[in-house]
**Q** 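Dumping the structure here so I can ask a few things about it.
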Amino acid sequence: MIKEYTKEEIICLLSDEKNETSLLKQADAVRHQYVGDEVHLRGLIEFSNICRNNCQYCGLQRDNKILPRYHMEEDELLQTAQNAVNMGFKTLVLQSGEDMYYTQARMCRIIEQIKKNDVALTLSIGERDYTDYKAFYEAGADRYLIRIETTDQNLYHQLDPGMNWQRRHECLLMLKEIGYELGSGIMVGLPNQTLDSIADDLLYLQKIEVDMAGIGPFIPHPQTPLKNANGNNLHLALRTMAMMRLMLPDINIPATTAMESLHPRGRIMALQGGANVVMPNVTEGEYRRLYELYPNKACVDDTPLHCRTCIGMKITAIGRTIGQGYGGHKK
Ligand code: SAM
C-alpha cells in the first residue's frame, strides 16, 4: 500500500517543527488503522563487531583501532539464539559488521540450526554476493535488513569510502528478487544531508517497496572522523519516521535504539508516532558494550531479560500489546 506525496509536500512536513506533534499523531492514527496496536519484538543478536568497511560515521569502522574486536563462535551464537527463543521471541535478528569469518557455509549452518525453532529469522550482515544471499534464503532466512543510509550518492561516497552506492542499491534489489522480506532505512542528520535529500530517501524507500524501514538519528562517535559533526537530531528523525508511516502505511517500522539513546523515552515517542516494532538487544555480557556503533548506546549495561521485561512494561503502559506471531509485513 502506497500513499502518494510530492517531494515538496514531504519537505514541507519534515521542516515543520511547530507541527511535529500533529504529524506524529497523524502517523500514529495511520499505524493504528493499518497495522493495529500490536508491537512486534525482534531479539537482536550483535554477533560480531569486526568489519572490513570504513564507514566514517560508524564506531565499528576498521580504522577504529581502540575498539576491542570480537566475534561469537558458532556454538555461542546458537546458545544466544536459543536463550532468546526460550524468552519467547518470535523473530531473531542476526546483526554484525561485514565479517568474512562468517562464510556462506558457516552462516548456512547457523541459519539451519536456528530455524529448527519456531521463529522468523532476519539477517543484517551487510553486502554479500548473490550466491550468498540465495544460499542464506534457501537455508531458511526470512528477512534481510540493509540500510541504504542515504540516497545522496555524493554524500554516500564521502561517508562510505571504498563502497559504492549503486552496489548497495543492487543488493537491495537482489534480496527482494530472491524473496526476502526486505528491510532498509536511513540515518537522519548526517553532515551535509539536506531535507531535500531526506525527501528523496523516503521516495526511494517507497519506490522499492520495502517491507520494513528503520530510520535513526546519526550520533557522532568520538573515535571516528565525524566526531565533531552535528547530529543527534532526534526530532528530525521522528518526523522522518512519521512521514514514512504516512507514505507506506502498512509496513513495519521500528522504534530505533538510536532514538532511545538520545532520549530515555525515545522509543516510546517513536511508538506513538508511527512505529510498531522494537528490537530489544539479546546479546549477552561484554559484547553489548563492544558493539558500539555510537556512544551512550541505550541498554548496554542491561541483561537480555531485563531489556525484554522493561520494554514489555513500557509497551503495555501506553496501551499497546505485544505481538504473539512472527510480525511479518501484512500486505
Ligand atoms: N554491517 C551491516 C550493514 O552494513 O548493513 C549491519 C551493521 S551496521 C553497523 C547497522 C547500522 O548502524 C547501519 O546501517 C547504520 O545506519 C547504523 N549506524 C552506524 N553508525 C551509526 C551512528 N554513528 N549513528 C547512528 N547510526 C549508526
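By convention here, the first residue in the shown sequence is residue 1. Whatever order the structure lists them in is the order used to number ligands and atoms, beginning at 1.
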**Q** In terms of side-chain geometry, is the basic nitrogen of Arg168 or Glu127 positioned less than 4.0 Å from the acidic oxygen of its partner?
**A** yes

**Q** Within the structure, does Arg147 bring an N/O atom to less than 3.5 angstrom of an N/O atom in ligand 1?
**A**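 Yes, at least one N or O pair falls under 3.5 Å.
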
**Q** Taking heavy atoms and a distance under 4.0 Å, where does Ala258 meet ligand 1: side chain, backbone, both or neither?
**A**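 For Ala258, there is no contact with ligand 1 at all, from either part.
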
**Q** Is Ser124 near ligand 1, meaning one of its heavy atoms is under 4.0 Å from it?
**A** yes

**Q** I need the contact type for Cys51 against ligand 1. Using non-hydrogen atoms and a strict under-4.0 Å cut-off, is it side chain, backbone, both or neither?
**A** neither

**Q** Please work out whether any backbone atom (N, CA, C, O) or any side-chain heavy atom from C-beta onward of Pro217 is under 4.0 Å from ligand 1, and answer side chain, backbone, both or neither.
**A** backbone

**Q** For the residue pair Arg245 / Asn276, report whether a side-chain donor-acceptor contact shorter than 3.5 Å exists.
**A** yes

**Q** Consider ligand 1: state whether an atom of it lies below 4.0 angstrom from any non-hydrogen atom of Met187.
**A** yes

**Q** Can you tell whether the side chains of Glu170 and Arg167 come within less than 4.0 Å, N to carboxylate O?
**A**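 Salt bridge: no.
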
**Q** Of all the heavy atoms in Gly185, does at least one lie under 4.0 Å from an atom in ligand 1?
**A**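 No, Gly185 has no heavy atoms under 4.0 Å from ligand 1.
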
**Q** Taking Arg31 first and then Asp28, would you say they form a salt bridge - that is, a charged N and a carboxylate O separated by under 4.0 Å?
**A**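 A salt bridge links Arg31 with Asp28.
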
**Q** Verify whether one side chain among Asp75 and Gln79 offers a donor that lies under 3.5 Å from an acceptor in the other.
**A**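 Result is no, nothing qualifies.
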
**Q** Which residues satisfy the side-chain contact (heavy atoms from CB on, under 4.5 Å) test with Glu181, sequence neighbours excluded?
**A** Arg143, Asp211, His329

**Q** Is it true that the side chains of Ser197 and Asp152 contain a donor and an acceptor less than 3.5 Å apart?
**A**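 No donor-acceptor contact under 3.5 Å links the two side chains.
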
**Q** Say whether Ile219, considering both its backbone and side-chain N or O atoms, lies within less than 3.5 Å of an N or O atom on ligand 1.
**A** yes

**Q** Counting both backbone and side chain atoms, is some N or O of Glu149 under 3.5 Å from an N or O of ligand 1?
**A**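 Min N/O separation from ligand 1 is below 3.5 Å for Glu149.
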
**Q** Hey, is atom 14 (O) of ligand 1 under 4.0 Å from any protein heavy atom?
**A**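 Given the 4.0 Å limit, the answer for atom 14 (O) of ligand 1 is yes, a protein heavy atom qualifies.
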
**Q** Any nitrogen or oxygen of Arg168, main chain or side chain, under 3.5 Å from a nitrogen or oxygen of ligand 1?
**A**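 Yes, at least one N or O pair falls under 3.5 Å.
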
**Q** Check contact between Cys55 and ligand 1, using heavy atoms of the residue and a distance below 4.0 angstrom.
**A**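 No heavy atom of Cys55 comes that close to ligand 1.
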
**Q** Donor-acceptor pairs under 3.5 angstrom involving side-chain atoms of residues 303-313: please list them, not counting sequence neighbours.
**A**
residue, atom, partner, partner atom, Å
Thr303, OG1, His306, N, 3.1
Thr309, OG1, Leu305, O, 2.7

**Q** Give yes or no for whether the N/O distance cutoff of 3.5 Å, strictly under, is met between Tyr291 and ligand 1.
**A**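 No, Tyr291 has no N/O under 3.5 Å of an N/O on ligand 1.
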
